[in-house]
Amino acid sequence: MNPLGRLDEDRRQAREKRDPWAELCIVSTVTGGGEPSARVLVLRELPALKPQSPALGVFVNSSSPKVDEFSNSSTVAVLIYLPSVMVQYRLRCTLDPIEPAVVREAWQMRPETPKRMDWVYETHPQSSEIASRQALIDAVASQSRDEPLLAPDSAVGYVFHPFELERLDLSAGDAPHDRRRYTAKNDDWLEAVLVP
């Protein structure tokens, strides 16, 4: 079985169980100084990029330190944990920028506050210091407009290209966990059973 199809199915089941982690992932990168860095991001399906098997990606703001970190290594690590179905995925991926037109279209589906935050980043880059919590709230409120907000050029996205994937099924009760590694080879996946 294509492990990405299995991941898609596990995420679907987790959504049905209202699992708050079904839409999230943890992305690990390396800083310019060689230090590890991890953060929780919304994991998006990008069917327009790969109709036969939805691609996965993230939308971010180019002012974020994570964008620089993406260029510090040829790969990123992605962790997806779905507690409602007791499954963990670990992916090693390369990544590519998402076409700006796809980013702009997806950006319109974001909630209002994240849209406003993208415009706040134009003057207050992500992770920069701000005078107070109230100053942040005021900066977000100042982005309120009568006309619909359009995506700023700093709104960007990246598609993940997994080349190695591990699935750990934690639902075996007293039996050992089921851990499998899938390695991409040409247009197929090689499967190996691992000791958990």
Side-chain angles (χ1 to χ4, degrees), residues 4 7-8 11 20-50 53-81 88-133 135-143 145 148-166 184:
L4 294 175
L7 170 58
D8 188 49
R11 290 181 75 212
W21 280 91
E23 306 298 337
L24 303 173
C25 67
I26 298 170
V27 177
S28 297
T29 57
V30 178
T31 68
E35 295 295 318
S37 181
R39 78 269 297 143
V40 175
L41 296 174
V42 176
L43 182 64
R44 302 286 187 197
E45 290 179 1
L46 308 165
L49 301 178
K50 195 175 178 188
S53 175
L56 299 173
V58 292
F59 294 101
V60 296
N61 190 279
S62 63
S63 73
S64 169
K66 73 180 87 46
V67 172
D68 286 337
E69 292 169 14
F70 286 163
S71 65
N72 289 335
S73 173
S74 61
T75 63
V76 295
V78 178
L79 175 74
I80 301 166
Y81 178 53
Q88 170 188 278
Y89 284 87
R90 295 190 322 161
L91 291 73
R92 291 181 57 215
C93 310
T94 59
L95 43 81
D96 283 318
I98 296 173
E99 291 293 323
V102 175
V103 173
R104 285 192 299 274
E105 182 179 337
W107 192 88
Q108 291 304 323
M109 294 181 267
R110 299 186 77 194
E112 204 59 32
T113 297
K115 285 181 182 178
R116 291 180 186 183
M117 283 301 303
D118 265 333
W119 280 101
V120 169
Y121 297 146
E122 296 292 301
T123 54
H124 301 283
Q126 193 171 10
S127 300
S128 66
E129 292 185 14
I130 194 163
S132 66
R133 172 85 178 147
L136 175 61
I137 290 168
D138 293 345
V140 172
S142 74
Q143 299 304 320
R145 301 175 184 170
L149 284 175
L150 300 176
D153 291 341
S154 58
V156 297
Y158 295 88
V159 61
F160 295 133
H161 301 290
F163 59 88
E164 186 175 279
L165 180 151
E166 280 191 21

Original post:
Atom CG in Asp96, atom NE2 in His161: separation rounded to 0.5 Å?
Top reply: 3.5 Å
Subject >> Minimum heavy-atom distance Gly157-Val103, with the two atoms named >> reply: N-CG2, 3.7 Å
Original post:
Checking Lys115 side chain against Ala151 main chain: does a donor-acceptor pair fall under 3.5 Å?
Top reply: no
**OP:** Could you tell me which non-hydrogen atom of Pro152 sits nearest to which non-hydrogen atom of Trp107, and how far apart they are?
**Re:** CD-CZ2, 3.8 Å
Original post:
Rounded to the nearest 0.5 Å, how far apart are CG of Asn61 and CH2 of Trp119?
Top reply: 10.5 Å
**OP:** Find the distance between CD (Glu129) and NE2 (His124) and round it off to the nearest 0.5 Å.
**Re:** 12.5 Å
Original post:
How long is the gap from OG on Ser62 to CD on Glu122, to the nearest 0.5 Å?
Top reply: 7.5 Å
**OP:** For Ser74 and Thr94, work out which heavy atoms get closest and say how close.
**Re:** O-CG2, 3.5 Å
Original post:
Can you check whether Leu24 reaches Val42 side chain to side chain, under 4.5 Å on heavy atoms?
Top reply: yes
Original post:
Yes or no on side-chain contact (heavy atoms from CB on, under 4.5 Å) for Leu150 and Arg104, after CA distance, side-chain angles and deciding distance?
Top reply: CA-CA 8 Å; Leu150 300 176; Arg104 285 192 299 274; over 6 Å; no
**OP:** Indicate yes or no: at least one non-hydrogen side-chain atom of Val27 is less than 4.5 angstrom from one of Lys66.
**Re:** no
Subject >> Side chains of Glu45 and Asp8 in contact at under 4.5 Å (non-hydrogen atoms) >> reply: yes
Subject >> Smallest separation among heavy atoms of Ala139 and Val120, with atom names >> reply: O-CG2, 3.5 Å
Subject >> Any side-chain heavy-atom pair of Ile98 and Phe59 under 4.5 Å >> reply: yes
**OP:** List the steps, then state whether side-chain contact (heavy atoms from CB on, under 4.5 Å) holds for Asn72 with Thr29.
**Re:** CA-CA 8 Å; Asn72 289 335; Thr29 57; over 6 Å; no
Original post:
Is the shortest heavy-atom distance from the side chain of Met117 to the side chain of Arg110 under 4.5 Å?
Top reply: no
Original post:
Okay, side chain of Ser63, backbone of Gln126: is any donor-acceptor separation there less than 3.5 Å?
Top reply: yes
Original post:
Are Phe160 and Leu46 side-chain neighbours, meaning at least one heavy-atom pair lies under 4.5 Å?
Top reply: no
Original post:
For Glu105, does the CD atom have more than 12 heavy-atom neighbours from other residues, nucleotides or ligands under 6.0 Å away?
Top reply: no
Original post:
Can you check side-chain contact (heavy atoms from CB on, under 4.5 Å) on Trp21 and Leu43, steps first, answer last?
Top reply: CA-CA 10 Å; Trp21 280 91; Leu43 182 64; over 6 Å; no
**OP:** With rounding to the nearest 0.5 Å, note down the distance linking CD in Gln143 to OG1 in Thr113.
**Re:** 11.5 Å
Original post:
Are the side chains of Thr75 and Phe163 in touch, meaning some heavy atoms are under 4.5 Å apart?
Top reply: yes
**OP:** Report the C-alpha distance between Glu164 and Arg90 in whole Å, list the side-chain angles of each, state the deciding distance to 0.1 Å, and finish with yes or no for salt bridge (charged side-chain N to carboxylate O under 4.0 Å, His left out).
**Re:** CA-CA 8 Å; Glu164 186 175 279; Arg90 295 190 322 161; over 6 Å; no
Subject >> Gap separating the CZ atom of Arg11 from the CD1 atom of Ile80, nearest 0.5 angstrom >> reply: 6.0 Å
Subject >> Closest heavy-atom pair and its distance - Pro162, Cys93 >> reply: CA-SG, 3.8 Å
Original post:
Just wondering, more than 12 heavy atoms not from Asp153 lying within 6.0 Å of its CG?
Top reply: no
**OP:** Would you check if Leu56 and Leu7 make a side-chain contact, meaning some heavy-atom pair closer than 4.5 Å?
**Re:** yes
